[in-house]
Amino acid sequence: MKIHEYQAKELFAAYDIPVKKQILCYTADEAVDAYSRLNVPLVVLKAQVLTGGRGKAGGIKLADSPEKVKANAEAILGIKIKDIPVDRILVTEAADIKKEYYMSIVVDRNTKSALLMLSSDGGVDIEEVAHSTPERIYKFQIDPLLGTPDFFTRKVAFSLFTDIKLINQLSHIIKSLYKLMLETDASLAEINPLVLTPDDTLVAVDAKMTFDDNALYRHPQIATLFEPTEEEKKEKEAKAKGFSYVHLGGEIGCMVNGAGLAMATMDLIKRYRGKPANFLDIGGSSNSEKVVHAMKLLLQDSDVKVVLINIFGGITRCDDVANGLLKAFEQIDTDIPVVVRLTGTNEELGRALLKDSKLYVANTMSEATRMAVNLALKTY
Ligand code: GDP
Ligand code: MN
(Lines give C-alpha, C1' and ligand atoms only; values in the text may rest on other atoms or scores of the structure.)
(Ligands and ions follow the chains in the order given, each with its own letter.)
Protein backbone atom coordinates (compact mmCIF):
# COMPACT_ATOMS: atom_id res chain seq x y z
CA MET A 1 0.00 0.00 0.00
CA LYS A 2 1.23 3.45 -0.95
CA ILE A 3 0.59 6.65 0.96
CA HIS A 4 0.77 10.30 -0.02
CA GLU A 5 3.82 12.51 0.49
CA TYR A 6 2.07 14.57 3.17
CA GLN A 7 1.18 11.42 5.10
CA ALA A 8 4.71 10.06 4.83
CA LYS A 9 6.07 13.39 6.03
CA GLU A 10 3.79 13.28 9.08
CA LEU A 11 5.35 9.91 9.90
CA PHE A 12 8.81 11.36 9.27
CA ALA A 13 8.13 14.22 11.67
CA ALA A 14 6.96 11.74 14.32
CA TYR A 15 10.28 9.91 13.95
CA ASP A 16 12.37 13.08 14.08
CA ILE A 17 13.33 13.09 10.39
CA PRO A 18 13.58 16.78 9.42
CA VAL A 19 10.77 18.08 7.18
CA LYS A 20 9.42 21.57 6.51
CA LYS A 21 6.12 22.84 7.94
CA GLN A 22 3.20 21.81 5.75
CA ILE A 23 -0.56 22.30 5.28
CA LEU A 24 -2.78 20.15 3.08
CA CYS A 25 -5.31 22.01 0.90
CA TYR A 26 -8.24 21.06 -1.32
CA THR A 27 -8.88 24.43 -2.97
CA ALA A 28 -6.87 27.43 -4.18
CA ASP A 29 -8.43 29.61 -1.47
CA GLU A 30 -7.32 27.18 1.20
CA ALA A 31 -3.82 27.37 -0.30
CA VAL A 32 -3.79 31.17 -0.03
CA ASP A 33 -4.88 30.86 3.59
CA ALA A 34 -2.18 28.24 4.22
CA TYR A 35 0.42 30.61 2.73
CA SER A 36 -0.42 33.30 5.27
CA ARG A 37 -0.54 30.79 8.13
CA LEU A 38 2.87 29.35 7.24
CA ASN A 39 4.13 32.93 7.29
CA VAL A 40 7.21 32.33 5.11
CA PRO A 41 8.19 34.24 1.97
CA LEU A 42 8.51 31.24 -0.36
CA VAL A 43 6.32 28.12 -0.49
CA VAL A 44 6.11 25.07 -2.75
CA LEU A 45 2.73 23.82 -3.97
CA LYS A 46 2.80 20.08 -4.54
CA ALA A 47 0.18 17.87 -6.17
CA GLN A 48 -0.66 14.94 -3.90
CA VAL A 49 -1.15 11.89 -6.12
CA LEU A 50 0.00 8.33 -5.59
CA THR A 51 2.61 8.45 -8.36
CA GLY A 52 6.07 9.90 -8.90
CA GLY A 53 7.40 12.35 -11.47
CA ARG A 54 5.12 15.15 -10.35
CA GLY A 55 7.77 17.79 -10.94
CA LYS A 56 8.08 16.95 -14.64
CA ALA A 57 4.29 16.78 -15.03
CA GLY A 58 3.80 20.34 -13.74
CA GLY A 59 2.55 19.23 -10.35
CA ILE A 60 5.15 21.18 -8.35
CA LYS A 61 5.39 24.97 -8.35
CA LEU A 62 7.03 27.62 -6.20
CA ALA A 63 5.14 30.76 -5.13
CA ASP A 64 6.19 33.91 -3.28
CA SER A 65 2.97 35.93 -3.12
CA PRO A 66 -0.71 35.23 -2.39
CA GLU A 67 -1.52 35.91 -6.05
CA LYS A 68 1.03 33.37 -7.27
CA VAL A 69 -0.14 30.86 -4.68
CA LYS A 70 -3.69 31.19 -5.98
CA ALA A 71 -2.77 31.00 -9.67
CA ASN A 72 -0.40 28.06 -9.22
CA ALA A 73 -2.78 26.19 -6.92
CA GLU A 74 -5.54 26.56 -9.53
CA ALA A 75 -3.20 25.33 -12.26
CA ILE A 76 -2.14 22.26 -10.29
CA LEU A 77 -5.65 21.39 -9.12
CA GLY A 78 -6.75 21.33 -12.76
CA ILE A 79 -4.31 18.77 -14.10
CA LYS A 80 -4.02 15.01 -14.25
CA ILE A 81 -0.74 13.26 -13.50
CA LYS A 82 -0.42 9.87 -15.22
CA ASP A 83 -4.23 9.86 -15.57
CA ILE A 84 -4.82 10.61 -11.90
CA PRO A 85 -6.72 13.87 -11.30
CA VAL A 86 -5.17 16.10 -8.63
CA ASP A 87 -7.72 16.69 -5.87
CA ARG A 88 -5.42 18.10 -3.18
CA ILE A 89 -2.16 19.96 -2.87
CA LEU A 90 0.41 20.31 -0.17
CA VAL A 91 1.55 23.81 0.68
CA THR A 92 4.93 23.69 2.33
CA GLU A 93 7.73 26.03 3.25
CA ALA A 94 10.27 25.96 0.41
CA ALA A 95 13.70 24.58 1.17
CA ASP A 96 16.71 26.51 -0.06
CA ILE A 97 18.64 23.96 -2.09
CA LYS A 98 22.43 23.79 -2.13
CA LYS A 99 22.49 20.17 -3.28
CA GLU A 100 20.04 17.31 -3.72
CA TYR A 101 20.80 13.75 -2.51
CA TYR A 102 18.99 10.44 -2.79
CA MET A 103 18.26 8.06 0.04
CA SER A 104 16.07 5.00 0.34
CA ILE A 105 15.61 1.82 2.31
CA VAL A 106 13.92 -1.16 0.69
CA VAL A 107 13.32 -4.72 1.72
CA ASP A 108 15.74 -6.82 -0.31
CA ARG A 109 14.63 -10.40 -0.86
CA ASN A 110 18.04 -11.53 -2.11
CA THR A 111 19.86 -10.70 1.10
CA LYS A 112 16.78 -11.14 3.31
CA SER A 113 17.50 -7.79 4.87
CA ALA A 114 16.89 -4.10 4.36
CA LEU A 115 19.01 -2.38 1.75
CA LEU A 116 20.06 1.22 2.25
CA MET A 117 20.79 3.23 -0.89
CA LEU A 118 22.49 6.61 -0.96
CA SER A 119 23.51 8.80 -3.87
CA SER A 120 24.80 12.29 -4.54
CA ASP A 121 22.63 12.33 -7.67
CA GLY A 122 19.37 13.16 -5.96
CA GLY A 123 16.35 14.99 -7.28
CA VAL A 124 16.66 13.56 -10.75
CA ASP A 125 15.24 10.34 -12.07
CA ILE A 126 16.98 7.72 -9.92
CA GLU A 127 16.04 4.91 -12.35
CA GLU A 128 18.08 6.75 -14.97
CA VAL A 129 21.08 6.99 -12.59
CA ALA A 130 20.71 3.29 -11.75
CA HIS A 131 20.68 2.48 -15.46
CA SER A 132 23.49 4.66 -16.83
CA THR A 133 25.78 5.17 -13.81
CA PRO A 134 24.94 2.43 -11.28
CA GLU A 135 28.28 3.02 -9.52
CA ARG A 136 26.93 6.37 -8.32
CA ILE A 137 24.39 4.65 -6.08
CA TYR A 138 25.95 3.31 -2.89
CA LYS A 139 24.25 0.24 -1.45
CA PHE A 140 24.56 -1.06 2.11
CA GLN A 141 22.92 -4.10 3.57
CA ILE A 142 21.46 -3.53 7.03
CA ASP A 143 22.10 -6.56 9.20
CA PRO A 144 18.72 -7.46 10.72
CA LEU A 145 20.35 -8.54 13.99
CA LEU A 146 22.57 -5.49 14.38
CA GLY A 147 20.20 -2.90 12.97
CA THR A 148 21.75 0.56 12.65
CA PRO A 149 24.45 1.05 15.32
CA ASP A 150 26.48 4.29 15.29
CA PHE A 151 29.58 2.75 13.74
CA PHE A 152 27.53 1.53 10.79
CA THR A 153 25.50 4.67 10.12
CA ARG A 154 28.57 6.89 10.43
CA LYS A 155 30.60 4.69 8.13
CA VAL A 156 27.94 4.71 5.41
CA ALA A 157 27.29 8.44 5.83
CA PHE A 158 30.91 9.03 4.78
CA SER A 159 29.93 7.91 1.28
CA LEU A 160 28.12 11.26 0.86
CA PHE A 161 29.85 13.67 3.26
CA THR A 162 33.12 14.38 5.06
CA ASP A 163 31.94 17.15 7.41
CA ILE A 164 31.24 15.55 10.81
CA LYS A 165 28.20 17.77 11.33
CA LEU A 166 26.59 16.30 8.22
CA ILE A 167 27.77 12.78 9.04
CA ASN A 168 25.92 13.02 12.34
CA GLN A 169 22.79 14.43 10.74
CA LEU A 170 22.65 11.76 8.05
CA SER A 171 23.48 9.09 10.60
CA HIS A 172 20.46 10.17 12.65
CA ILE A 173 18.19 10.20 9.58
CA ILE A 174 19.27 6.66 8.63
CA LYS A 175 18.55 5.37 12.14
CA SER A 176 15.19 7.11 12.27
CA LEU A 177 14.07 5.96 8.84
CA TYR A 178 15.02 2.36 9.56
CA LYS A 179 13.19 2.49 12.91
CA LEU A 180 10.12 3.90 11.16
CA MET A 181 10.23 1.11 8.57
CA LEU A 182 10.57 -1.63 11.13
CA GLU A 183 7.85 -0.29 13.38
CA THR A 184 5.34 0.16 10.55
CA ASP A 185 6.25 -2.90 8.43
CA ALA A 186 7.11 -0.69 5.48
CA SER A 187 8.62 -2.29 2.39
CA LEU A 188 10.04 0.96 1.02
CA ALA A 189 10.92 4.42 2.29
CA GLU A 190 12.43 6.91 -0.11
CA ILE A 191 13.64 10.48 0.29
CA ASN A 192 14.32 12.01 -3.11
CA PRO A 193 15.57 14.62 -2.82
CA LEU A 194 17.18 14.76 0.59
CA VAL A 195 18.22 18.39 0.47
CA LEU A 196 21.33 20.07 1.81
CA THR A 197 20.56 23.73 2.53
CA PRO A 198 23.11 26.57 2.38
CA ASP A 199 23.34 26.58 6.20
CA ASP A 200 24.38 22.91 6.07
CA THR A 201 21.30 21.17 7.35
CA LEU A 202 19.57 18.19 5.79
CA VAL A 203 15.85 18.15 5.13
CA ALA A 204 13.54 15.63 3.47
CA VAL A 205 11.90 17.53 0.62
CA ASP A 206 10.04 14.54 -0.82
CA ALA A 207 8.80 11.41 0.95
CA LYS A 208 7.55 8.13 -0.37
CA MET A 209 6.51 5.06 1.61
CA THR A 210 5.03 1.70 0.74
CA PHE A 211 3.72 -0.78 3.31
CA ASP A 212 3.40 -4.53 3.34
CA ASP A 213 -0.31 -5.24 2.75
CA ASN A 214 -0.09 -8.47 4.70
CA ALA A 215 1.07 -6.62 7.82
CA LEU A 216 -1.52 -3.83 7.70
CA TYR A 217 -3.69 -5.59 10.27
CA ARG A 218 -0.97 -4.78 12.80
CA HIS A 219 -1.13 -1.07 11.94
CA PRO A 220 -4.75 0.05 11.95
CA GLN A 221 -3.67 3.71 11.90
CA ILE A 222 -1.77 3.22 8.65
CA ALA A 223 -4.46 0.98 7.17
CA THR A 224 -6.93 3.90 7.41
CA LEU A 225 -4.73 5.81 4.95
CA PHE A 226 -5.57 3.31 2.19
CA GLU A 227 -7.06 4.97 -0.89
CA PRO A 228 -7.79 2.22 -3.42
CA THR A 229 -7.49 2.86 -7.13
CA GLU A 230 -10.40 1.82 -9.34
CA GLU A 231 -8.65 -1.50 -10.02
CA GLU A 232 -7.95 -2.10 -6.37
CA LYS A 233 -11.63 -1.47 -5.57
CA LYS A 234 -12.58 -4.21 -8.02
CA GLU A 235 -10.01 -6.58 -6.56
CA LYS A 236 -11.38 -5.94 -3.08
CA GLU A 237 -14.97 -6.50 -4.24
CA ALA A 238 -13.89 -9.79 -5.81
CA LYS A 239 -12.16 -10.85 -2.62
CA ALA A 240 -15.37 -10.29 -0.67
CA LYS A 241 -17.10 -12.77 -3.01
CA GLY A 242 -14.40 -15.38 -2.44
CA PHE A 243 -12.49 -14.81 -5.71
CA SER A 244 -8.90 -13.84 -6.26
CA TYR A 245 -8.84 -11.31 -9.04
CA VAL A 246 -5.95 -9.35 -10.51
CA HIS A 247 -6.44 -6.96 -13.41
CA LEU A 248 -3.80 -7.36 -16.14
CA GLY A 249 -5.01 -5.11 -18.95
CA GLY A 250 -5.32 -7.55 -21.88
CA GLU A 251 -8.43 -8.59 -23.81
CA ILE A 252 -9.11 -12.21 -22.91
CA GLY A 253 -11.09 -12.41 -19.68
CA CYS A 254 -10.32 -15.62 -17.80
CA MET A 255 -12.48 -17.52 -15.35
CA VAL A 256 -10.71 -20.50 -13.87
CA ASN A 257 -11.11 -22.75 -10.84
CA GLY A 258 -7.81 -23.04 -9.00
CA ALA A 259 -4.83 -20.70 -8.88
CA GLY A 260 -2.41 -23.10 -10.58
CA LEU A 261 -4.78 -23.70 -13.47
CA ALA A 262 -5.36 -19.95 -13.73
CA MET A 263 -1.61 -19.35 -14.03
CA ALA A 264 -1.31 -22.10 -16.64
CA THR A 265 -4.22 -20.59 -18.58
CA MET A 266 -2.53 -17.21 -18.70
CA ASP A 267 0.73 -18.78 -19.79
CA LEU A 268 -1.03 -20.55 -22.62
CA ILE A 269 -2.83 -17.40 -23.74
CA LYS A 270 0.55 -15.67 -23.94
CA ARG A 271 2.01 -18.60 -25.83
CA TYR A 272 -0.70 -18.24 -28.48
CA ARG A 273 0.10 -14.50 -28.61
CA GLY A 274 -3.01 -13.36 -26.79
CA LYS A 275 -3.24 -11.04 -23.82
CA PRO A 276 -5.00 -12.12 -20.64
CA ALA A 277 -7.25 -9.39 -19.22
CA ASN A 278 -7.00 -10.75 -15.73
CA PHE A 279 -6.18 -13.51 -13.33
CA LEU A 280 -9.38 -14.87 -11.80
CA ASP A 281 -9.56 -17.87 -9.54
CA ILE A 282 -13.19 -18.56 -8.66
CA GLY A 283 -12.13 -21.25 -6.20
CA GLY A 284 -13.63 -24.69 -5.68
CA SER A 285 -17.29 -25.47 -6.42
CA SER A 286 -18.65 -23.52 -9.38
CA ASN A 287 -22.35 -22.91 -8.84
CA SER A 288 -24.29 -20.67 -11.21
CA GLU A 289 -24.39 -17.76 -8.77
CA LYS A 290 -20.60 -17.73 -8.66
CA VAL A 291 -20.40 -17.80 -12.46
CA VAL A 292 -22.81 -14.86 -12.69
CA HIS A 293 -20.74 -12.80 -10.26
CA ALA A 294 -17.52 -13.70 -12.02
CA MET A 295 -18.95 -12.88 -15.47
CA LYS A 296 -20.19 -9.51 -14.21
CA LEU A 297 -16.75 -8.79 -12.85
CA LEU A 298 -15.11 -9.66 -16.18
CA LEU A 299 -17.63 -7.73 -18.27
CA GLN A 300 -17.05 -4.54 -16.24
CA ASP A 301 -13.67 -4.43 -17.95
CA SER A 302 -14.30 -2.70 -21.27
CA ASP A 303 -11.10 -4.15 -22.77
CA VAL A 304 -12.44 -7.70 -22.53
CA LYS A 305 -13.29 -9.05 -26.02
CA VAL A 306 -13.57 -12.75 -25.24
CA VAL A 307 -14.13 -14.75 -22.08
CA LEU A 308 -12.33 -18.03 -21.57
CA ILE A 309 -13.77 -20.33 -18.92
CA ASN A 310 -11.40 -23.11 -17.96
CA ILE A 311 -12.76 -25.56 -15.40
CA PHE A 312 -11.25 -28.70 -14.02
CA GLY A 313 -13.93 -30.89 -12.50
CA GLY A 314 -12.42 -32.88 -9.69
CA ILE A 315 -14.84 -33.08 -6.81
CA THR A 316 -17.13 -30.73 -8.73
CA ARG A 317 -18.66 -32.69 -11.59
CA CYS A 318 -18.54 -31.22 -15.09
CA ASP A 319 -22.26 -31.82 -15.71
CA ASP A 320 -23.03 -29.76 -12.60
CA VAL A 321 -20.72 -27.04 -13.85
CA ALA A 322 -22.37 -27.13 -17.30
CA ASN A 323 -25.82 -26.79 -15.76
CA GLY A 324 -24.54 -23.94 -13.63
CA LEU A 325 -23.14 -22.21 -16.73
CA LEU A 326 -26.42 -22.61 -18.63
CA LYS A 327 -28.36 -21.20 -15.71
CA ALA A 328 -25.91 -18.33 -15.34
CA PHE A 329 -26.03 -17.41 -19.03
CA GLU A 330 -29.82 -17.21 -18.88
CA GLN A 331 -29.23 -14.17 -16.67
CA ILE A 332 -26.28 -12.65 -18.49
CA ASP A 333 -26.92 -10.63 -21.58
CA THR A 334 -23.74 -10.18 -23.58
CA ASP A 335 -22.50 -10.33 -27.17
CA ILE A 336 -19.01 -11.20 -26.04
CA PRO A 337 -18.05 -14.70 -27.16
CA VAL A 338 -17.47 -17.18 -24.36
CA VAL A 339 -15.21 -20.21 -24.77
CA VAL A 340 -15.59 -23.07 -22.32
CA ARG A 341 -13.22 -25.90 -21.61
CA LEU A 342 -14.43 -28.53 -19.19
CA THR A 343 -12.35 -31.45 -18.12
CA GLY A 344 -12.46 -34.07 -15.39
CA THR A 345 -15.34 -36.00 -13.87
CA ASN A 346 -18.29 -36.41 -16.30
CA GLU A 347 -16.67 -34.17 -18.89
CA GLU A 348 -18.46 -35.72 -21.90
CA LEU A 349 -21.78 -35.22 -20.17
CA GLY A 350 -20.89 -31.63 -19.37
CA ARG A 351 -19.84 -30.82 -22.92
CA ALA A 352 -22.96 -32.48 -24.35
CA LEU A 353 -25.12 -30.24 -22.18
CA LEU A 354 -23.45 -27.14 -23.63
CA LYS A 355 -23.64 -28.29 -27.25
CA ASP A 356 -26.72 -26.31 -28.21
CA SER A 357 -25.83 -23.16 -26.26
CA LYS A 358 -24.18 -19.96 -27.51
CA LEU A 359 -20.98 -21.00 -25.77
CA TYR A 360 -17.97 -22.16 -27.76
CA VAL A 361 -17.02 -25.54 -26.35
CA ALA A 362 -13.47 -26.89 -26.55
CA ASN A 363 -12.09 -30.26 -25.58
CA THR A 364 -8.57 -29.34 -24.58
CA MET A 365 -6.90 -26.40 -22.98
CA SER A 366 -4.85 -25.49 -26.03
CA GLU A 367 -7.88 -25.76 -28.30
CA ALA A 368 -9.84 -23.47 -25.98
CA THR A 369 -7.00 -21.00 -25.78
CA ARG A 370 -6.49 -20.88 -29.54
CA MET A 371 -10.22 -20.36 -30.00
CA ALA A 372 -10.20 -17.49 -27.52
CA VAL A 373 -7.15 -15.84 -29.10
CA ASN A 374 -8.66 -16.13 -32.58
CA LEU A 375 -12.03 -14.82 -31.41
CA ALA A 376 -10.26 -11.84 -29.89
CA LEU A 377 -8.62 -11.22 -33.28
CA LYS A 378 -11.99 -11.90 -34.96
CA THR A 379 -10.45 -14.59 -37.13
CA TYR A 380 -12.40 -17.52 -35.74
P1 GDP B 1 8.59 14.43 -7.64
O2 GDP B 1 8.86 15.09 -8.95
O3 GDP B 1 7.22 13.82 -7.63
O4 GDP B 1 9.65 13.46 -7.24
O5 GDP B 1 8.53 15.61 -6.53
P6 GDP B 1 9.66 16.25 -5.58
O7 GDP B 1 9.04 16.61 -4.29
O8 GDP B 1 10.85 15.35 -5.49
O9 GDP B 1 10.06 17.58 -6.30
C10 GDP B 1 10.65 17.60 -7.57
C11 GDP B 1 11.68 18.73 -7.64
O12 GDP B 1 11.06 19.97 -7.36
C13 GDP B 1 12.79 18.59 -6.64
O14 GDP B 1 13.81 17.73 -7.07
C15 GDP B 1 13.25 20.03 -6.51
O16 GDP B 1 14.16 20.34 -7.56
C17 GDP B 1 11.99 20.81 -6.71
N18 GDP B 1 11.50 21.19 -5.37
C19 GDP B 1 10.66 20.50 -4.59
N20 GDP B 1 10.52 21.06 -3.39
C21 GDP B 1 11.33 22.14 -3.39
C22 GDP B 1 11.67 23.16 -2.41
O23 GDP B 1 11.23 23.15 -1.27
N24 GDP B 1 12.54 24.14 -2.80
C25 GDP B 1 13.07 24.17 -4.06
N26 GDP B 1 13.91 25.15 -4.34
N27 GDP B 1 12.79 23.24 -4.99
C28 GDP B 1 11.93 22.24 -4.66
MN1 MN C 1 10.88 13.18 -5.65
Side-chain angles (χ1 to χ4, degrees), residues 1-5 7-19 50-55 99-163 166-196 202-216 218-219 222-223 225:
M1 183 190 106
K2 290 180 184 170
I3 59 172
H4 289 286
E5 174 194 3
Q7 296 165 330
K9 281 184 172 169
E10 280 168 17
L11 289 170
F12 281 13
Y15 279 78
D16 200 31
I17 298 165
V19 286
L50 295 174
T51 182
R54 296 165 304 164
K99 187 164 167 53
E100 294 179 284
Y101 294 88
Y102 173 89
M103 164 173 184
S104 69
I105 303 177
V106 292
V107 172
D108 177 28
R109 289 170 181 232
N110 287 332
T111 59
K112 300 189 178 78
S113 61
L115 187 72
L116 167 68
M117 288 186 263
L118 296 170
S119 177
S120 302
D121 295 342
V124 291
D125 208 345
I126 198 69
E127 280 80 15
E128 180 49 37
V129 180
H131 180 74
S132 51
T133 48
E135 71 281 3
R136 296 183 62 87
I137 301 176
Y138 309 114
K139 296 181 180 175
F140 308 95
Q141 188 186 332
I142 299 177
D143 185 312
L145 296 179
L146 286 181
T148 52
D150 289 341
F151 76 85
F152 170 77
T153 54
R154 289 214 187 95
K155 185 182 77 183
V156 303
F158 270 101
S159 61
L160 297 189
F161 304 112
T162 48
D163 178 353
L166 290 170
I167 299 292
N168 286 338
Q169 281 186 56
L170 181 57
S171 178
H172 176 71
I173 294 173
I174 295 169
K175 283 169 187 281
S176 308
L177 197 65
Y178 185 62
K179 186 163 187 275
L180 168 59
M181 282 193 77
L182 281 189
E183 291 182 358
T184 57
D185 286 307
S187 46
L188 172 144
E190 185 184 79
I191 308 179
N192 186 26
L194 175 67
V195 160
L196 176 65
L202 293 173
V203 54
V205 156
D206 194 4
K208 187 169 159 185
M209 285 193 80
T210 307
F211 299 91
D212 180 350
D213 294 340
N214 294 317
L216 282 177
R218 303 205 290 197
H219 311 286
I222 286 166
L225 306 178

J.: What's the separation between atom CD1 in Ile105 and atom OG1 in Thr148, rounded to the nearest 0.5 Å?
T.: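 Output value for this atom pair is 8.0 Å.
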J.: A side-chain contact here means heavy atoms from C-beta on lying under 4.5 Å apart; do Lys208 and Asn192 qualify?
T.: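 No - every pair of side-chain heavy atoms lies 4.5 Å or more apart.
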J.: For the side chain of His172 and the backbone of Asp16, is there at least one donor-acceptor N/O pair under 3.5 Å apart?
T.: yes
J.: Any side-chain to backbone donor/acceptor pair from Thr210 onto Ser187? Under 3.5 Å, distance only.
T.: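 Here the side-chain-to-backbone pair does not exist.
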J.: Looking at every non-hydrogen atom in both residues, tell me the closest pair between Ala157 and Ser171 and how far apart they are.
T.: CB-N, 4.5 Å
J.: How long is the straight-line distance from OG of Ser120 back to CG of Leu194, given to the nearest 0.5 Å?
T.: 10.5 Å
J.: Would a distance-only check, ignoring hydrogens and angles, find a side-chain to backbone donor-acceptor pair under 3.5 Å from Asp206 to Pro193?
T.: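 Answer holds: no.
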J.: Looking only at heavy atoms, which two atoms of Glu5 and Arg54 are closest? And how far apart?
T.: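 Answer, listing the atom of Glu5 first, then Arg54: OE1-NH1, 2.7 Å.
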J.: Please walk me through it: do Ile222 and Met1 pass side-chain contact (heavy atoms from CB on, under 4.5 Å)?
T.: CA-CA 9 Å; Ile222 286 166; Met1 183 190 106; 3.8 Å; yes
J.: Taking all heavy atoms of Ala13 and all of Val19, pick out the closest pair and write down the distance.
T.: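 That closest heavy-atom pairing would be CB-CG2, 4.0 Å.
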J.: Where do Ile17 and Lys9 land on the side-chain contact (heavy atoms from CB on, under 4.5 Å) test, with the steps shown first?
T.: CA-CA 8 Å; Ile17 298 165; Lys9 281 184 172 169; over 6 Å; no
J.: Quick one: CG on Asn168 to CD1 on Ile173, what's the gap to the nearest 0.5 Å?
T.: 11.0 Å
J.: On a heavy-atom basis, which atom in Ser119 and which in Leu160 lie closest, and how many Å separate them?
T.: C-CD2, 3.7 Å
J.: On a heavy-atom basis, which atom in Gln169 and which in Leu202 lie closest, and how many Å separate them?
T.: OE1-N, 2.8 Å
J.: Do Tyr15 and Leu177 touch side chain to side chain, with heavy atoms closer than 4.5 Å?
T.: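 A side-chain contact is absent here, since even the closest heavy-atom pair is not under 4.5 Å.
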J.: Could you tell me if the side chain of Met209 sits less than 4.5 Å from the side chain of Leu180, heavy atoms only?
T.: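 A side-chain contact under 4.5 Å exists here.
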J.: Could you measure the distance from the CG atom of Leu118 to the OH atom of Tyr102? Nearest 0.5 Å is fine.
T.: 9.5 Å
J.: Show me the donor-acceptor pairs within less than 3.5 Å that the side chains of residues 137-145 make with the rest of the protein, sequence neighbours left out.
T.:
| residue | atom | partner | partner atom | Å |
| --- | --- | --- | --- | --- |
| Gln141 | NE2 | Ser113 | OG | 3.4 |
| Asp143 | OD1 | Leu145 | N | 2.7 |
| Asp143 | OD1 | Leu146 | N | 3.3 |

J.: State, to 0.1 Å, how close Ala114 and Tyr178 come at their nearest heavy-atom pair, and which atoms those are.
T.: CB-CE1, 3.7 Å
J.: Checking side-chain contact (heavy atoms from CB on, under 4.5 Å) against Phe211, which of Asp185, Ile3, Leu225, Leu188 comes through?
T.: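 Looking at Asp185, Ile3, Leu225, Leu188, the match for Phe211 under the side-chain contact (heavy atoms from CB on, under 4.5 Å) is Ile3.
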J.: Could you list the donor-acceptor pairs under 3.5 angstrom formed between side-chain atoms of residues 123-131 and any protein atom two or more places apart in sequence or on another chain?
T.:
| residue | atom | partner | partner atom | Å |
| --- | --- | --- | --- | --- |
| Glu128 | OE2 | Ser132 | OG | 3.3 |

J.: Check the pair Asp212 / Val107 against side-chain contact (heavy atoms from CB on, under 4.5 Å), numbers first and verdict last.
T.: CA-CA 10 Å; Asp212 180 350; Val107 172; over 6 Å; no
J.: Can you confirm whether or not the ring centre of Tyr101 sits under 6.0 Å from the ring centre of Phe161?
T.: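 Aromatic pair counts; centres sit under 6.0 Å.
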J.: Using 0.5 Å steps for rounding, measure from the NZ atom of Lys179 to the OG1 atom of Thr184.
T.: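 Those atoms lie 11.0 Å apart.
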J.: Give, for atom CG of Leu50 and atom NZ of Lys2, the distance between the pair rounded to the nearest 0.5 Å.
T.: 6.5 Å
